[in-house]
Amino acid sequence: MSGHVHIVGGGLAGLSAAVELAGGSERVSVYEAGPACGGRARSYLDRQLGCRIDNGNHLLLSGNPAVYRYLGLIGARDTLVGPKRPVFPFVDLADRLRWTLDLSRGRVPLWVLSKRRRVPGMRLAELRGLLALMEATPDMVVSDCLQPGSLARRLLEPFAISVLNTMPDTGSAALLGAVVKESLARGGRNCLPRFPAVGLSESFVDPALDHLSVLKAEVRTGSRVSAVEMADGSVAALHLGNERIALGPEDTVIMAVPAPVASGLLADLPGFSAPDEFESILNVHFLLPQAPVLTGGLAQARFIGVVGGISEWVFARDRILSVTVSAANRYATRDLDELAAIIWNEVRAAIDPAATAPLPLAMPPLRIVREKRATFAATVPQDRLRPGTRTMAPNLLLAGDWTATGLPATIEGAIRSGHAAAQAVHARRGMSGRPK
């Protein structure tokens with residue numbers, strides 16, 4: 001007997017679950033509170049700039065298996081682009097030093113033997129920090145593992161901040177180690193930088209919605225679930241304002257909303273826990289009068305890592321230069337206009353030496369996007385609060401990058417959580433999972 005799967009939340013976790021389940025024996029409905037699906041990984045038309053931008057910057061890797069499975073299912077694998085080599089340009093603003101990290105394609109890290117390809121000033125002994133991260137226990141923080149030196153300051157600490165969205169002195173070493181195991185430890189073939197050719201929605205959202213439409217799945221935007229009605233330890237109904245959606249005995253709910261929303265809806269669910277501390281991300285999008293002509297490693301990668309400033313990553317997307325600042329709670333009291341001016345000067349310092357013409361001295365039109373609760377704080381105590389897929393209610397499952405995926409809050413983790421929830425639906429039916 002088939003059932004109805006109600007997916008609450010149309011971010012990538014919810015869409016991932018829906019894509020896995022649509023077209024099978026279950027009827028699938030997605031309820032998204034906002035006007036558009038995608039959550040923190042979507043694009044929109046910014047009226048202030050007069051162009052389309054992403055609401056955040058996401059750098060993916062060729063070795064993200066869940067991402068590529070999801071894109072394959074929705075027919076969008078070819079919408080991710082990036083350099084043909086695992087190259088990562090960097091600039092150290094404090095030392096006015098530029099380099100390109102050029103990883104070996106295979107598992108053997110030959111790049112560490114070449115001064116031209118590795119982090120300037122690093123000592124081979126510092127590589128023990130990478131091994132320590134991969135062997136870290138759940139109670140260790142990143143700074144416990146790092147060796148003092150250039151490798152930590154110019155690569156591993158910035159890497160930790162961008163991956164965890166948490167500072168190294170509090171960030172979970174085990175979570176960062178899990179990412180290292182799936183990227184650097186597997187060789188450069190798994191570290192090719194990837195990002196959407198057009199935008200996040202064009203890669204991750206719009207093709208998924210088209211796919212779900214073809215398979216007759218229902219997607220309802222502007223549909224906020226206001227309450228979860230429980231009876232006899234199971235979900236009996238969902239309330240969307242004045243609308244009550246009753247669940248049958250074969251029906252399942254996948255709660256794929258952000259952690260604070262899930263905590264509000266499931267406050268009375270026995271055994272439920274969720275992270276309750278969060279970190280912000282600051283993105284600044286600058287609109288140039290014309291696209292810069294770039295050279296060298298920056299021309300290959302279309303992005304550059306920044307060390308020694310407020311900026312962390314600068315992405316070059318035609319006329320848009322888009323800057324990401326992770327773990328941005330530390331700048332919460334700073335004036336946004338002041339921050340933008342500092343960041344623009346850092347962008348000029350990062351881009352000008354690799355461009356055929358200097359950027360404008362005057363700050364161009366810009367849009368500042370501050371996500372105050374972008375991710376859970378990836379600390380040791382908060383990681384312990386992350387719940388699994390299943391709950392004490394047999395017909396209620398959880399999905400989201402804040403659940404216990406084994407990874408930090410990333411697109412890869414969000415999509416994995418949706419896949420895990422779909423597999424749990426199949427398991428509830430006594431199925432091993434419908435192949436696609």
Side-chain angles (χ1 to χ4, degrees), residues 43 46 49 51-61 81-83 86-102 119 153-155 157-163 165 193-197 199-200 280-328 331 334 336 338-371 374:
S43 311
D46 186 273
L49 295 181
C51 64
R52 194 167 171 83
I53 61 174
D54 291 339
N55 66 335
N57 296 310
H58 296 270
L59 183 62
L60 300 149
L61 296 176
V81 297
V87 291
F88 297 81
F90 282 91
V91 57
D92 187 331
L93 298 178
D95 294 338
R96 297 184 179 181
L97 187 64
R98 307 174 71 87
W99 71 96
T100 296
L101 183 67
D102 187 353
V119 177
R153 188 177 72 81
R154 290 178 171 155
L155 178 62
E157 289 177 358
F159 178 61
I161 293 170
S162 62
V163 168
N165 196 33
R194 292 291 178 261
F195 37 81
L200 288 167
S280 62
I281 294 178
L282 185 70
N283 291 283
V284 187
H285 307 279
F286 297 100
L287 178 63
L288 301 178
Q290 59 188 21
V293 178
L294 305 175
T295 63
L298 183 53
Q300 292 184 60
R302 309 298 299 181
F303 69 88
I304 187 168
V306 181
V307 180
I310 294 175
S311 309
E312 291 178 324
W313 298 95
V314 181
F315 294 86
R317 296 171 177 169
D318 295 322
R319 293 174 59 202
I320 294 285
L321 290 178
S322 187
V323 180
T324 294
V325 181
S326 301
Y331 303 118
R334 298 281 293 272
L336 288 180
E338 176 197 1
L339 283 176
I342 296 172
I343 289 170
W344 176 243
N345 285 332
E346 293 177 352
V347 169
R348 292 178 55 243
I351 299 296
D352 278 359
T356 57
L359 297 175
L361 181 61
M363 189 165 56
L366 69 134
R367 165 65 76 182
I368 300 175
V369 181
R370 173 179 270 169
E371 292 275 358

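A quick note: this is a predicted structure, and the numbers were derived from the prediction, not measured.
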Practice task
Give the intermediate values and the outcome of side chain to side chain contact (heavy atoms under 4.5 Å, CB included) for residues Arg153 and Asp95.
Solution key: CA-CA 12 Å; Arg153 188 177 72 81; Asp95 294 338; 3.0 Å; yes
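- When all heavy atoms of Val325 and Ser311 are compared, the pair lying nearest together is CG2-CA, 4.2 Å.
- The line from CZ of Arg154 to CG of Leu97 is 5.0 Å long, rounded to the nearest 0.5 Å.
- Here the shortest heavy-atom pairing between Ile320 and Cys51 reads CD1-SG, 3.8 Å.
- Counting only distance, with no hydrogens or angles, the side chain of Arg319 and the backbone of Leu288 share a donor-acceptor pair below 3.5 Å.
- For Arg317, the salt bridge (Lys or Arg N to Asp or Glu O under 4.0 Å) partners at least two apart in sequence or on another chain are Asp54.
- Proximity of a side-chain donor or acceptor of Arg194 to a complementary backbone N or O of Pro83 within less than 3.5 Å is detected.
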Report task. Check step by step if side chain to side chain contact (heavy atoms under 4.5 Å, CB included) holds for Thr100 and Phe88. Result -> CA-CA 5 Å; Thr100 296; Phe88 297 81; 5.9 Å; no
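- Among pairs with a residue in residues 358-369, those fulfilling salt bridge (Lys or Arg N to Asp or Glu O under 4.0 Å) read Asp46-Arg367, at least two apart in sequence or across chains.
- The shortest side-chain heavy-atom distance between Val81 and Phe195 falls under the 4.5 Å cut-off.
- Between Ala362 and Trp344, the closest heavy-atom pair is O-NE1, 3.6 Å.
- To the nearest 0.5 Å, atoms OG (Ser326) and CD1 (Ile281) are separated by 5.0 Å.
- To the nearest 0.5 Å, atoms CZ (Arg98) and CG (Asp92) are separated by 11.0 Å.
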**OP:** Tell me, with the steps shown, if Tyr331 and Leu282 meet side chain to side chain contact (heavy atoms under 4.5 Å, CB included).
**Re:** CA-CA 9 Å; Tyr331 303 118; Leu282 185 70; 5.7 Å; no
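- The CE atom of Met363 lies 9.5 Å from the CD1 atom of Ile343; values are rounded to the nearest 0.5 Å.
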Enumerate, atom names and distances included, each donor-acceptor pair closer than 3.5 Å involving a side-chain atom of residues 347-360, sequence neighbours excluded.
from, atom 1, to, atom 2, distance (Å)
Asp352, OD1, Leu359, N, 2.8

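- Between the CD1 atom in Ile368 and the NE2 atom in His285 there is a gap of 10.0 Å [rounded to 0.5 Å].
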TODO: Check the pair Ile310, Arg334 against side chain to side chain contact (heavy atoms under 4.5 Å, CB included), reporting the backbone distance first and the verdict last.
DONE: CA-CA 12 Å; Ile310 294 175; Arg334 298 281 293 272; 4.2 Å; yes
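- Residues Leu287 and Pro364 come closest through the heavy atom pair O-CB, 3.2 Å.
- Annotation for Gln290: atom CD does not count as buried by contact number, only 12 or fewer foreign heavy atoms lying within 6.0 Å.
- Under the ring-ring contact (aromatic ring centres under 6.0 Å, His included) criterion, Trp313 pairs with Phe90, Phe303, sequence neighbours left out.
- Atoms CZ and CG, on Phe315 and Leu59 in that order, are 5.0 Å from each other to the nearest 0.5 Å.
- Closest of all the heavy-atom pairs between Gly297 and Pro89 is O-CG, 3.5 Å.
- For Glu312, the salt bridge (Lys or Arg N to Asp or Glu O under 4.0 Å) partners are Arg330, not counting sequence neighbours.
- Between Ala340 and Phe286 the shortest heavy-atom distance is O-CZ, 4.0 Å.
- Considering only residues two or more places apart in sequence or on other chains, Asp318 meets the salt bridge (Lys or Arg N to Asp or Glu O under 4.0 Å) condition with none of them.
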